[in-house]
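Provided herewith is a single structure, encoded as structure tokens, for subsequent inquiry.
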Amino acid sequence: MSHKELPKTYDFAATEESLYQWWWERGYFKPSNDPANPDFDPDHTPYVISIPPPNVTGELHLGHAMFVSMEDLMIRYHRMKGIPTLWVPGTDHAGIATQMVVERSLNAEGIRRESLGREKFVEKVWEWKKLYHDRISKQIRRLGASCDWDRERFTMDEGLSRAVREVFVKLYEDGLMYRGPRIVNWSPKLQTAVSDLEVEYSEEPGFLYYFKYMLADGSGEYLPVATTRPETILGDTAVAVHPEDERFTRFIGKEVVVPITGRVIPVITDEYVDREFGTGAVKITPAHDPNDYKIGLNHNLPMINIMTQTATINEEGAPYTGLDRFECRKKLWADMKEAGLVIKEEPHKLNIPRSQRSGEIIEPMISTQWFARMQPLADLALEAVRDGRIKIIPEHFTKIYYNWLENIQDWCVSRQLWWGHRIPVWYCAECGEMTVSRTDIDTCPKCGSKAIEQDPDVLDTWFSSWLWPFSTLGWPEKTPDYEYFYPTTMMETGYDILFFWVARMIMGGMYFTGKIPFSQVYLHGLVRDEHGKKMSKTKGNVVDPLTVMDELGTDALRFPLLVGSTAGNDTNLSVKKVEANRNFANKLWNAARFVISSLEKAPEVPLSDELQPTLADTWIWARLQALIANVERLFGSHQYGEAGRQIYDYFWSEYADWYLEIAKIQLASGGDTAFHTAKMLVRVLDTCLRLLHPFTPFVTEAIWGHLKEAASDQSDQFAPEGGWEEALIIARWPVAEEKQDADDPAIADMLQLQDVIRAIRNIRTEKNVKPGKRIPAILAASEKAALFREQREILSVLAYLDPETLQITEQTFEKPEDTISTAVSGIGIFLKIEETVDKAAESERLKKELAEVKSQIIRLEKLLNSAFAEKAPAAVVTGEREKLEKYQTTAENLQAQIDSL
RNA sequence: GGGCGGUUAGCUCAGUUGGUUAGAGCACAUCCCUUACAAGGAUGGGGUCGCAGGUUCGAGUCCUGUUCCGCCCA
């Protein structure tokens, strides 16, 4: 029976899309145990991941490729283990980011958001959402994501919006949601408040300005004060000194005059003042500095907001009203200089707060906003990790997690934007009362007036994200999905959003559902360029996953992301790495091509029931069992990269490099050996494909399909135990055989055979023997002679020896004339090449080899004579002793060879 | 200022219960288009694992201190 020949190169472009389609249509992405089905079994524990929802208007980048690859690996692995798996996909409305993108595009058309009006603008964003949602979700699919798309969610879906409202109202009812004027991080460009987490600090050069705070008593005395932001002088309401700072004792309780404005403010004392910094006396601007704000509260100081929402000076800052904050800084300083109030200015490194989204400098300001009181939630979240109900991987992030939660601040959740969840609060113009409601209202429940208006603000994007693991499953309804799939199992995401998202999800999950939202957190690192630099468009070092997938295939992109990374560590990616893995996919393809084409060379059934495995068979099978066991152990401890690497190495440097070559010989010998070899080829390839499938789903599924077809056409005895499954994606995960002979002598024998073959190849290369030339050889193999006689065909084929004249003897230390010799692993090797032997040079070479071997002997003798021999475990000692014996035989061989020159 | 991570071959990185001449990919050198694969094969050169101590029969692997780099928090 002949099979259609597979192409010489793996054509991923022709494979990936149709395979993905097929998987989806066959329903493999759906949980195998689904509450929606009649045969549902609620006791069968599922494995569940909620996807970190990508920004709906975002373009696919390597960060997405990273988490999709990682999570798909976890899902596919568990699916193959027969566990019901659910991966819930979805997208995020990403308030500020999306609004900015849409606004920018409208601006390009000459349309301003304000002129469009809120309703029209939001409509536009929804149009965008529709358009870009399709793009991003298609791109996620391209990566191979085996999500259940029927369960896809969007953070502004009706259901999720209901969850958001429920949570807001619940927090309000519990006294954990409050509204009021507080100091917030104000973004003058976006004209909204942002949370502490959305502020990034960057060290930038600036100045420290020293000036005089004149005493109000007209004495002409002054307090020297330093500031980095002179414009805030306009809002000063006190000058503070340390209570124990003797330099300033006499000023305490007196009054000083605010420069230019002439306001009179007190000199106060506070422990918070750092005596070492600046002059030791600090100006206090409670309305524009978070630390000053606290002092202001403690001392009951007035809070004077001197800026408008665009950070220009307001009427409180007269005569600078209307100036931009930085222009004001210059003008005020110049005026002060003129007034003789300036002492000096010196260069100073500043820690500038900038908006994470827009990059501009954040202005701390007093503003009326909604805040969530997080302390009670944080306590629950701390407990859940402390008592081990939630495990963070890698572990060292737990400390960072604790540290943040132990210092939790209230969360400013309102945003002055148009795109997002509207705050469910109504204000009555008549009675002035405020109503917080789960449903929309048009009448004031307090006074019955119709003159009510909903709060114009929306909620922080993360206010919907933190509910994601349960809101996507139907919460607050107790849906069958929620009941079965919640709590989820694994939260896999980047460590950069540990606080933004993970910690808040744990807080939210614990508080609102009373359960942990997931039991494990796996934090992956960031993907950087090949030199560890952050990828950015301006640097031009961005690797575009779409281009890479077009050119090299999805599997080629996924593999280095998975294998090149360890939990919590950043990973560097270059196109070169992807190429290397495209090559691996092609290697897989070609090995499979060989296996498939070999099948028909073997008989369909063996003649005898007792199949004698060859040395190579025993070896490759034992190594495979060890591999399976290792992969299982590594997956269990989340060392996915190491697992992938080991499969890669086994496949390429053991199965392909050695077993396939030996198989060619075994197949040629026909009969039962050929049958057994074919079966072994299939069994090992099949197992490798299973192990690799979570990493590289497409190429493995494609090959597996061909293998299954060819193997079942040839013989039903090639099938795996339990038969061929319908598809690799749902095929059984390999389980290592219980009996594992790690020290099966076949393994050591095979290694010795490989050593000898390598040594011969080495000499051939060194002596420039033509690669195809068969040369006569003698092996002095002492007690291993039988082994090498048995393997003489493999030996002669793989080392290109002349089988006619190959001699294998128990012992011949004497070197025959005109041979090049060496010894390795206790075996003496004599090769006849057609070149006259330069005895002096040979002697030189052999002496060098002998010296090397002798140094090893000395090392091992010393080791075995030390305390090592008694204290180390017996197996380790025996291993070293055996090594020593081999070196000794090798040395004897070499010495004899030198002597006979 | 506090905390965390990294420091291993020319480059990018693995190396998780400490086991005794340290691994991969890429790059480099020589040879080979041999009927699975030139996106390949064979062979080779190249690190003593940032530094200094310590624990141990034995340390890249554990402990202490420290350099430099990066990150987070304040």
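Reminder, nothing fancy here: chain letters follow the sequence lines and each chain counts from 1. All of these numbers come straight from a predicted model, not from anything done at the bench. All heavy atoms count here, side chains included; hydrogens, waters and symmetry mates do not.
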- Can you tell me which stems RNA chain B forms, taking runs of 3 or more consecutive Watson-Crick or G-U pairs with both distances under 3.5 Å?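 As far as RNA chain B goes, consecutive pairing (with distances under 3.5 Å) yields the stems B:1-6 with B:68-73, B:10-13 with B:23-26, B:28-32 with B:40-44, B:50-54 with B:62-66.
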- Query: Does a salt bridge link Lys883(A) with Glu880(A), judged by any charged N lying under 4.0 Å from a carboxylate O?
  - Reply: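 Here Lys883(A) pairs with Glu880(A) in a salt bridge, since their nearest N and O are under 4.0 Å apart.
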- Given U12(B), G15(B), U34(B), which nucleotide is nearest the side-chain atoms of Lys577(A)?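 Selected nucleotide: U12(B).
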- Query: Which is true for Leu860(A) with a 4.0 Å heavy-atom rule: it touches a base, it touches only sugar-phosphate, or it touches nothing?
  - Reply: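 Here Leu860(A) touches no strand at all.
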- Query: Roughly how far apart are Trp404(A) CH2 and Glu406(A) CD, rounded to 0.5 Å?
  - Reply: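 Answer for the CH2-CD pair, Trp404(A) versus Glu406(A), is 12.5 Å.
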- Item | Out of A36(B), G19(B), A39(B), whichever nucleotide has its closest atom nearest the side chain of Val876(A) |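 Between A36(B), G19(B), A39(B), the one nearest the side chain of Val876(A) would be G19(B).
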Which atom pairs link the protein and nucleotides 70-74 of chain B when you take only N or O atoms and keep those under 3.5 Å?
| residue | atom | partner | partner atom | Å |
| --- | --- | --- | --- | --- |
| A74(B) | N6 | Asn351(A) | ND2 | 3.2 |

- Kindly indicate whether the side chain of Lys587(A) and the base of C37(B) share any N or O donor-acceptor pair separated by less than 3.5 Å?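 Such a pair exists between side chain and base.
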- Query: Where the side chain of Pro771(A) is defined as all heavy atoms beyond and including C-beta, which of C37(B), G19(B), C32(B) is the nearest nucleotide?
  - Reply: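 Within the option list, the nearest is C32(B).
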- Task: When you get a sec, tell me which of G15(B), G5(B), U34(B) is the closest nucleotide to the side chain of Asn569(A)?
- Result: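 My answer, after comparing the listed nucleotides, is G5(B).
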- Task: Using only heavy-atom distances, decide whether a donor-acceptor pair under 3.5 angstrom links the side-chain of Glu661(A) to the base of A36(B).
- Result: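 Counting by modelled atom types and ignoring angles, a donor-acceptor contact under 3.5 Å is found here.
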- Query: Hey, does the side chain of Lys871(A) come within less than 4.0 Å of C57(B)'s phosphate (OP1/OP2), counting only N and O?
  - Reply: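 For Lys871(A), the contact criterion (side-chain N or O under 4.0 Å from OP1 or OP2 of C57(B)) is met.
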- Check whether the side chain of Arg761(A) and the base of A42(B) form a donor-acceptor pair under 3.5 Å.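 Counting by modelled atom types and ignoring angles, no donor-acceptor contact under 3.5 Å is found here.
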- Message: Can you tell me if Arg593(A) touches the phosphate of C37(B), counting only side-chain N or O atoms and a distance under 4.0 Å to OP1 or OP2?
- Response: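 Yes, such a contact exists.
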- Please determine if a side-chain N or O atom of Trp652(A) lies less than 4.0 Å away from the OP1 or OP2 oxygen of A36(B).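 Indeed not, no polar side-chain atom of Trp652(A) lies that close.
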- Closest to the Phe594(A) side chain: A36(B), G15(B), G41(B)?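 The closest nucleotide is A36(B).
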- Should Arg229(A) and Asp289(A) count as an ion pair when the cut-off is N to O under 4.0 Å?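 A salt bridge links Arg229(A) with Asp289(A).
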- Message: Measuring from the side chain of Arg758(A) (C-beta onward, heavy atoms only), which nucleotide among U12(B), A42(B), U43(B) has the closest atom?
- Response: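 Selected nucleotide: U43(B).
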- Query: Looking at CD1 of Ile284(A) and CG of Asp270(A), how far apart are the two atoms once the value is rounded to the nearest 0.5 Å?
  - Reply: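 Answer for the CD1-CG pair, Ile284(A) versus Asp270(A), is 7.0 Å.
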- Query: Which nucleotide, G25(B), G19(B), A39(B), lies nearest any side-chain atom of Asn586(A)?
  - Reply: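 Closest of the options to the side chain of Asn586(A): A39(B).
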- With a non-hydrogen cut-off below 4.0 angstrom, is Ala591(A) in contact with a base, only sugar-phosphate, or nothing?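 Base contact.
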- Query: Of Leu561(A), Leu526(A), Leu562(A), which meets side-chain contact (heavy atoms from CB on, under 4.5 Å) against Met66(A)?
  - Reply: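 It is Leu561(A), the one option of Leu561(A), Leu526(A), Leu562(A) that forms the side-chain contact (heavy atoms from CB on, under 4.5 Å) with Met66(A).
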- Item | Counterpart residues, ring-ring contact (aromatic ring centres under 6.0 Å, His included), relative to Tyr495(A) (two or more places apart) |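 For Tyr495(A), the residues satisfying ring-ring contact (aromatic ring centres under 6.0 Å, His included) (neighbours in sequence not counted) are Phe397(A).
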- Query: Within the structure shown, what part of the strands sits under 4.0 Å from Lys883(A) by heavy-atom distance: base, sugar-phosphate, or nothing?
  - Reply: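 If one applies the 4.0 Å heavy-atom cut-off, Lys883(A) turns out to touch the sugar-phosphate alone, with no base involved.
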- Message: Counting the atoms with a prime plus P, OP1 and OP2 as sugar-phosphate, which does Ser574(A) contact under 4.0 Å by heavy atoms, base, sugar-phosphate, or nothing?
- Response: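 Touches nothing.
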- Message: Can you tell me how far apart CG (Asn768(A)) and NZ (Lys773(A)) are? Round to the nearest 0.5 Å.
- Response: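 One gets 13.5 Å once the value is rounded to the nearest 0.5 Å.
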- Using a strict 4.0 Å threshold on nitrogen-to-oxygen distance, state whether Glu844(A) and Lys847(A) make a salt bridge.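 Salt bridge absent between Glu844(A) and Lys847(A).
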- Is any side-chain N or O of Lys399(A) closer than 4.0 Å to OP1 or OP2 of C4(B)?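 For C4(B), OP1 or OP2 has a side-chain N or O of Lys399(A) closer than 4.0 Å.
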- Message: Tell me whether the side-chain N/O atoms of Lys8(A) come closer than 4.0 Å to OP1 or OP2 in G40(B).
- Response: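 No, because none of the side-chain N or O atoms of Lys8(A) sits under 4.0 Å from OP1 or OP2 of G40(B).
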- Item | Asn768(A) vs U30(B): side-chain N/O to OP1/OP2 distance below 4.0 Å |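 So the side-chain polar atoms of Asn768(A) never come under 4.0 Å of the phosphate oxygens OP1 or OP2 of U30(B).
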- Query: If you measure from CG on Leu208(A) to CG on Leu350(A), what distance do you get to the nearest 0.5 Å?
  - Reply: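 Between Leu208(A) CG and Leu350(A) CG, I get 8.5 Å after rounding to 0.5 Å.
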- Message: Below 30° counts as parallel, above 60° as perpendicular, anything between as tilted: where do the rings of Phe695(A) and Phe559(A) land?
- Response: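 Phe695(A) and Phe559(A): perpendicular rings.
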